[in-house]
Amino acid sequence: MLTSRVMANKWRVRFGLTVTFWLLSLHLIFAHDVKSPTALLIKEDSDDLNNAEETHLEDEDPEDLEVFRPTDKWQTLRPGQAVPAGSHVRLNLQTGQREVKMGEEEGFKYWKDGNRQGMMNMDSHSFTAEELKKALKKFKKGADDPVDQQEEDAVRAKFRPMDELKKDMEALDMLVETDIQVMRRLLDQFNNTNSTTEEKVAALLDLEYLVHQVDNAQNLVSMGGMSLVIRYLNSTDVRLQECAAFVLGSAVSSNPSVQVEAVEGGALQKLLTLLATQRPMTVKKKVLFAVASLLRHFPFAQSHFLKLGGVQVLSELFQTPGAEAMRVRIITVLYDMIIEKELISQVGLDIIPDSSHQERLRQYAEVSLLPVLVEQGWCRLVPELLESPEHDWREKALRTLLAMMAQCQTQFKQNAGLTASLSELQKQYQELVLTEQDVGEEDGYFGEILTLVDSMVVKMRQV
Ligand SMILES: *[C@@H]1O[C@H](CO)[C@@H](O)[C@H](O)[C@H]1NC(C)=O
Ligand SMILES: *[C@@H]1O[C@H](CO)[C@@H](O)[C@H](O)[C@H]1NC(C)=O
Ligand SMILES: *[C@@H]1O[C@H](CO)[C@@H](O)[C@H](O)[C@H]1NC(C)=O
């Protein structure tokens with residue numbers, strides 16, 4: 001807040017700017033004219049600034065810069081449209097287009113778009129489209145009519161030279177709330193005994209967003225946030241348990257150094273305890289997500305998981321009435337571990353082994369998952385998933401069954417239900433493949449599933 005006030009007073013109306021740059025910094029430029037101070041804090045690559053310098057506004061008719069009128073619905077922003085301060089701007093990842101709506105929420109909003117990111121101050125008055133139009137007109141007059149010296153001077157007085165502006169941008173850069181500062185603020189909010197549960201939940205959800213970035217996740221560790229989050233896994237409030245697991249799962253995703261910290265901080269034990277005890281399914285879903293992220297590509301965590309009885313915990317969860325929706329996720333965790341180990345040993349066949357590869361092989365060798373799966377009844381449990389009406393569940397089950405074939409073949413052969421399911425599926429998918437071919441799809445999804453079914457049938461017959 002303080003930051004935005006300081007900034008707002010520094011900025012003046014000026015139009016001798018470049019189009020690109022002008023659009024980017026529109027919020028700042030106009031901040032001076034609004035009654036209550038507002039600022040969109042932008043972190044901008046200096047390269048972009050330099051490039052922007054080359055296109056001058058004089059080349060463009062400022063009237064062409066249409067003013068966008070945000071409503072309370074998201075609307076696509078067309079190139080060249082100017083956005084009033086206080087609007088929400090987001091990037092639609094599907095269309096790649098910028099979308100805008102009226103800012104109505106209080107407080108700060110985090111946004112990120114390519115290299116740009118910042119906090120948008122939301123409790124701000126936005127200047128009106130009329131104000132903007134008026135200002136544009138004024139500029140146009142000044143630029144088109146240099147004879148009117150007095151007016152030109154008046155307009156020029158409102159412009160600021162580019163270097164001055166750049167200086168301001170540098171100052172701004174320093175005043176931008178960095179991700180670390182945002183995280184500090186969120187952690188303080190989360191760690192403050194005076195915060196309500198709602199405030200803590202909100203802080204965790206914002207943190208969850210930030211820790212998708214590798215650096216932020218590592219900062220979470222160095223700032224003491226990871227151990228705090230792990231501690232909250234067994235908070236007495238289920239919403240806090242759920243959110244803590246969510247933050248943890250996102251922070252460790254594809255982030256080996258953070259995975260190490262989480263396992264060493266005792267996260268796995270706590271997560272498994274949450275899965276093994278009575279909790280709402282919403283909590284268990286996020287906890288399973290965290291477990292999966294923690295185990296992925298991390299053999300050390302996987303052998304730890306085995307030692308802690310993780311497979312047994314998952315077996316029980318798989319058979320818990322009411323947890324059916326989680327079955328496919330559970331199978332996926334197990335399947336991913338089987339395949340990961342298999343792939344790493346295959347890679348070993350054709351690359352020149354270096355010491356780190358040897359170490360990985362050694363670590364994976366310690367993960368002896370398949371015998372534990374057999375022992376815990378998974379040769380019988382996985383076929384149950386074939387009864388699901390969902391194609392992707394069946395697909396996942398078939399892939400897992402094939403991966404377990406060597407260990408489970410005897411049990412599979414004795415399982416009359418499995419044999420019946422397979423021949424039923426074979427019929428179904430043969431028909432579905434025909435419908436796929438009717439619409440000209442040769443290598444369709446149903447064909448893929450049929451291949452898996454056929455392969456199961458063949459392998460079960462093998463001696
Ligand atoms: C919590 O609130 C009390 C009373 O309002 C205040 O004295 C204390 O400093 C606050 N604690 C923190 C950590 O903000
Ligand atoms: C949380 O608060 C405690 C006591 O107020 C403090 O010792 C600890 O460092 C804080 N943790 C974080 C991550 O801010
Ligand atoms: C959380 O778990 C730890 C050990 O895992 C225990 O010492 C602590 O008392 C638990 N806290 C709550 C609130 O249950």
Side-chain angles (χ1 to χ4, degrees), residues 1-6 41 43 105-112 117-123 174-274 279 282-283 286-287 289-295 298 300-301 304:
M1 275 312 287
L2 184 63
T3 305
S4 56
R5 291 235 161 87
V6 171
L41 304 180
K43 198 173 176 75
E105 285 149 59
E106 298 266 302
F108 286 93
K109 194 131 200 104
Y110 180 82
W111 64 277
K112 182 162 166 54
Q117 56 186 305
M119 298 300 296
M120 205 190 287
N121 185 352
M122 301 314 300
D123 49 4
M174 288 190 284
L175 290 172
V176 165
E177 199 178 18
T178 62
D179 279 3
I180 292 199
Q181 289 166 323
V182 177
M183 287 176 68
R184 185 73 263 164
R185 181 162 56 74
L186 293 170
L187 281 175
D188 287 345
Q189 181 179 334
F190 175 48
N191 195 24
N192 190 330
T193 45
N194 291 347
S195 294
T196 62
T197 302
E198 279 68 30
E199 284 164 343
K200 288 182 180 180
V201 165
L204 283 175
L205 291 177
D206 285 349
L207 276 174
E208 191 280 326
Y209 181 87
L210 288 164
V211 298
H212 283 264
Q213 282 184 56
V214 172
D215 293 348
N216 286 342
Q218 278 156 6
N219 290 331
L220 181 73
V221 173
S222 58
M223 291 163 90
M226 176 59 86
S227 50
L228 194 59
V229 166
I230 292 173
R231 213 162 69 227
Y232 268 81
L233 284 175
N234 64 345
S235 148
T236 47
D237 189 293
V238 290
R239 281 171 303 170
L240 290 172
Q241 293 171 2
E242 180 187 340
C243 292
F246 194 23
V247 174
L248 182 69
S250 298
V252 298
S253 288
S254 318
N255 206 329
S257 68
V258 181
Q259 279 179 318
V260 172
E261 294 289 339
V263 170
E264 289 184 343
L268 201 47
Q269 170 79 70
K270 287 201 168 180
L271 291 169
L272 290 176
T273 305
L274 286 172
R279 311 280 159 177
T282 48
V283 174
K286 291 288 193 288
V287 171
F289 159 67
V291 169
S293 309
L294 210 47
L295 298 182
F298 191 20
F300 174 74
H304 206 54

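In listed order, ligands and their atoms are each counted from 1.
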Next item on the list: With sequence neighbours excluded, give me every salt bridge (Lys or Arg N to Asp or Glu O under 4.0 Å) pair touching residues 234-254.
Entry: Glu198-Arg239, Asp237-Arg239
Please report the interatomic distance [atom1]([X]) to [atom2]([Y]), rounded to the nearest 0.5 Å.
X: Asp206; Y: Leu186; atom1: CG; atom2: CG; value: 5.0 Å
X: Met223; Y: Ile180; atom1: CE; atom2: CD1; value: 6.0 Å
X: Thr273; Y: Arg279; atom1: OG1; atom2: CZ; value: 8.0 Å
X: Leu207; Y: Leu248; atom1: CG; atom2: CG; value: 12.0 Å

Check: Applying a heavy-atom distance cut-off of 4.0 Å, which protein residues contact ligand 1?
Finding: Asn192, Asn194
Notebook entry, point to check: Do the ring planes of Phe300 and Phe298 sit parallel (below 30°), tilted (30 to 60°) or perpendicular (above 60°)?
Noted result: tilted
Notebook entry, point to check: Considering only heavy atoms of Gly224, which atoms of ligand 2 have at least one such atom less than 4.0 Å away?
Noted result: 13 (C)
Next item on the list: Go through ligand 2 atom by atom and flag the ones less than 4.0 Å from a non-hydrogen atom of Met223.
Entry: 13 (C)
Notebook entry, point to check: In this structure, which one of Val247, Leu271, Leu240 forms a side chain to side chain contact (heavy atoms under 4.5 Å, CB included) with Leu233?
Noted result: Leu271
